[in-house]
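This report concerns only the one structure given below.
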Amino acid sequence: MFKNYRNVIALLLFFAGILNYLDRAALSVMAPLVKKDLSINDAQMGILFSCFFIGYCLFCFIGGWAADRFGPRRVYSWAASIWSLFCGATALVTGFTHLLIVRMLFGVGEGPMGTTTNKSIANWFPRNEVGRAVGFTNAGQPLGAAIAAPIVGLVGLQFGWRIAFIVIAALGFIWVACWLLLFRDKPEQHPRVSAEESQYIVQRRPAGNTLNQPQHDSHSLWHYVFSLPVLGVASAFFCFNYIQFFFLSWLPSYLTDFQHLDIKSMSIIGVLPWLGATVGFLGGGIISDMLFRRTQDFLLSRKLVIFVGLAVAALCVLLTAWSQSVTSAVTFITLASVFAYMTPQACWSLLQDIVPAGRIGTAGGFVHLLANLAGILSPSITGFLIQYGGGYHTAFVLASILALSGMLLLAVLVRQKGVNLLRSQTSH
């Protein structure tokens, strides 16, 4: 019996994030080889990156509902099995159409990840640890993107791009076995969790967990998801995601096509922005919890982290648009990643304090759906800008403008008065 078994849960979710983004980033890393082998141009590659999010966005919402209904243990095991299966199936494609279908089904499997992770954290961590828990578990995501460059890139060069997809699919199935063995939906249900730890967590869950459950709640789900505070969180999340999926989809191609690196050099240098993103995830969670301890103002501590993160990211992305050298471009992109990735865990933490526990999976799924519409728009818009528009320069400027927009929407829509009103309506 572990003294703090929730640390085991955090590690499981951390490794899930690594695998999720390793799988997701693999096509971006292998894009130069895949385009050549399957005769795909930049505009088509942008469509391929975006079609992943058609299935992904839909199942963000469905996955969140399912996590509330069936519990995160079952939902995560099915989701990870599906995304691993279709990651492996990528090795079998023979053309653009086949790859389009596989990527869409791959997105269906990955869709429930974010909201199911958030549901798991809401069940397993006390309020004073939520920021760090979200930051740590989600830090696996950019770390997965970071190791994708050297692992997938070097394996692809040595054995071919198809083998790379098979290897990472096998890792996903190994994780599923560990998840089923070690995870239960709540600490009070787990035989390896001490009574002391279980009681500590239950008594200190996020504020939303102390609100009435759906069966005692006179409000419909839509009362929460269409409230101004929840829409404000979704807006900030969308603007962060636009930058994230711009980098995730097009950074390897930017380094090879615009900065003229070979695939081997790109595989090494391309690690730096994602290591920066990992630092941002961890640092954002620590800073937001520290601010909360000092101010005892949950809303302010989370909003401040999001605001500063998006502001600095917007500036660095804008400066990248005028960078001509590899050194300056990678430096600005890495700094943008550090600060941009401070924002998502603050968004998830903020949502846990706004929405009641019985609605957090579904409401979180709706927020994740809206936020991940950026995944449909960002890669395809960037692809068309590269192929037919102003190129990478215009793409960077647009991403910067959207980051600034996220700051403004957060400031206007997420206010203490609106959050208090939502809580008072929920408690009646």
Side-chain angles (χ1 to χ4, degrees), residues 10-31 49 52-53 56 60 76 79-88 90 103 106-107 109-118 120-121 133-156 161 164-176 178-179 240-241 243-252 266-285 333-334 337-338 340-342 344-345 348 368 372 375 379:
L11 282 172
L12 281 171
L13 295 171
F14 174 78
F15 284 116
I18 289 179
L19 289 170
N20 187 281
Y21 271 61
L22 175 63
D23 293 0
R24 193 183 304 187
L27 182 62
S28 302
V29 175
M30 289 288 93
F49 289 142
F52 164 89
F53 289 96
Y56 185 88
C60 285
Y76 228 139
S81 296
I82 291 170
W83 91 53
S84 298
L85 175 65
F86 284 102
C87 178
T90 306
R103 289 293 292 181
F106 179 43
E110 293 214 348
M113 183 223 172
T115 49
T116 308
T117 296
N118 201 39
S120 302
I121 291 171
V134 176
F136 174 75
T137 57
N138 285 299
Q141 298 172 17
L143 187 59
I147 65 176
I151 291 178
V152 178
L154 297 178
V155 169
W161 63 268
F165 285 98
I166 293 173
V167 170
I168 55 181
L171 293 175
F173 285 113
I174 293 172
W175 180 87
V176 171
C178 294
W179 174 258
F240 156 74
N241 269 352
I243 294 176
Q244 175 184 216
F245 296 130
F246 172 34
F247 287 171
L248 193 64
S249 300
W250 286 104
L251 182 57
M266 177 274 292
S267 297
I268 297 171
I269 293 175
V271 171
L272 296 177
W274 301 113
L275 291 179
T278 304
V279 171
F281 254 134
L282 292 171
I333 291 172
T334 301
S337 297
V338 171
Y341 274 81
M342 291 172 63
Q345 73 271 34
W348 283 125
H368 212 208
N372 281 285

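Just so it is clear, the structure is predicted and the values come from calculations on it, not from any experiment.
- Nearest heavy atoms, P252 versus S28: CB-O, 3.5 Å.
- Atom CD1 in I18 sits 10.5 Å away from atom CG in L171 (nearest 0.5 Å).
- One side chain, Q244 or Y21, offers a donor N or O that lies under 3.5 Å from an acceptor on the other.
- Qualifying side chain to side chain donor-acceptor pair (under 3.5 Å) partners for T117, counting only residues two or more places apart in sequence or in other chains: Y76.
- Residues forming a side-chain contact (heavy atoms from CB on, under 4.5 Å) with V152 (at least two apart in sequence, or on another chain): L22, A26, V29, M30, A148, A164.
- Residues F281 and P344 approach most closely at CE2-CG, 3.3 Å, considering heavy atoms.
- Residues forming a ring-ring contact (aromatic ring centres under 6.0 Å, His included) with F247 (at least two apart in sequence, or on another chain): none.
- Considering CG of L248 and CG of N241, their distance stands at 10.0 Å, rounded to 0.5 Å.
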Which atom pairs, one a donor and one an acceptor, fall under 3.5 Å between side chains of residues 270-279 and the rest of the protein, sequence neighbours left out?
unit_1	atom_1	unit_2	atom_2	d
T278	OG1	L143	N	3.3
T278	OG1	W274	O	2.9

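- Under 3.5 Å, the side chains of W83 and N20 contain no donor-acceptor pair of N or O atoms.
- Rounded to the nearest 0.5 angstrom, L12 CG and W175 CH2 are separated by 6.5 Å.
- Partners of F14 under the ring-ring contact (aromatic ring centres under 6.0 Å, His included) rule, at least two apart in sequence or in another chain, are F136.
- Residues passing the ring-ring contact (aromatic ring centres under 6.0 Å, His included) test with W250 are F49, sequence neighbours excluded.
- Rounding to the nearest 0.5 angstrom, the gap separating the OG atom in S84 from the CD1 atom in I166 is 13.0 Å.
- Residues L13 and W179 form a side-chain contact, since some pair of their non-hydrogen atoms from C-beta on lies under 4.5 Å apart.
- In this structure, the ring of F106 has its center no less than 6.0 angstrom from the ring center of Y56.
- Side-chain contact check for D23 versus F165: every heavy-atom pair is 4.5 Å or farther apart.
- Judged purely by atom type and a 3.5 angstrom limit, T90 uses its side chain to pair as donor or acceptor with the backbone of C87.
- Of all heavy-atom pairs spanning V176 and A80, the tightest one is CG2-CB, 3.5 Å.
- By the side chain to side chain donor-acceptor pair (under 3.5 Å) test, W161 is found to be paired with D37, residues two or more places apart in sequence or in another chain being considered.
- Residues L27 and F52 have side chains not in contact (no heavy-atom distance under 4.5 Å, counting atoms from C-beta outward).
- With sequence neighbours excluded, no residue satisfies ring-ring contact (aromatic ring centres under 6.0 Å, His included) with F86.
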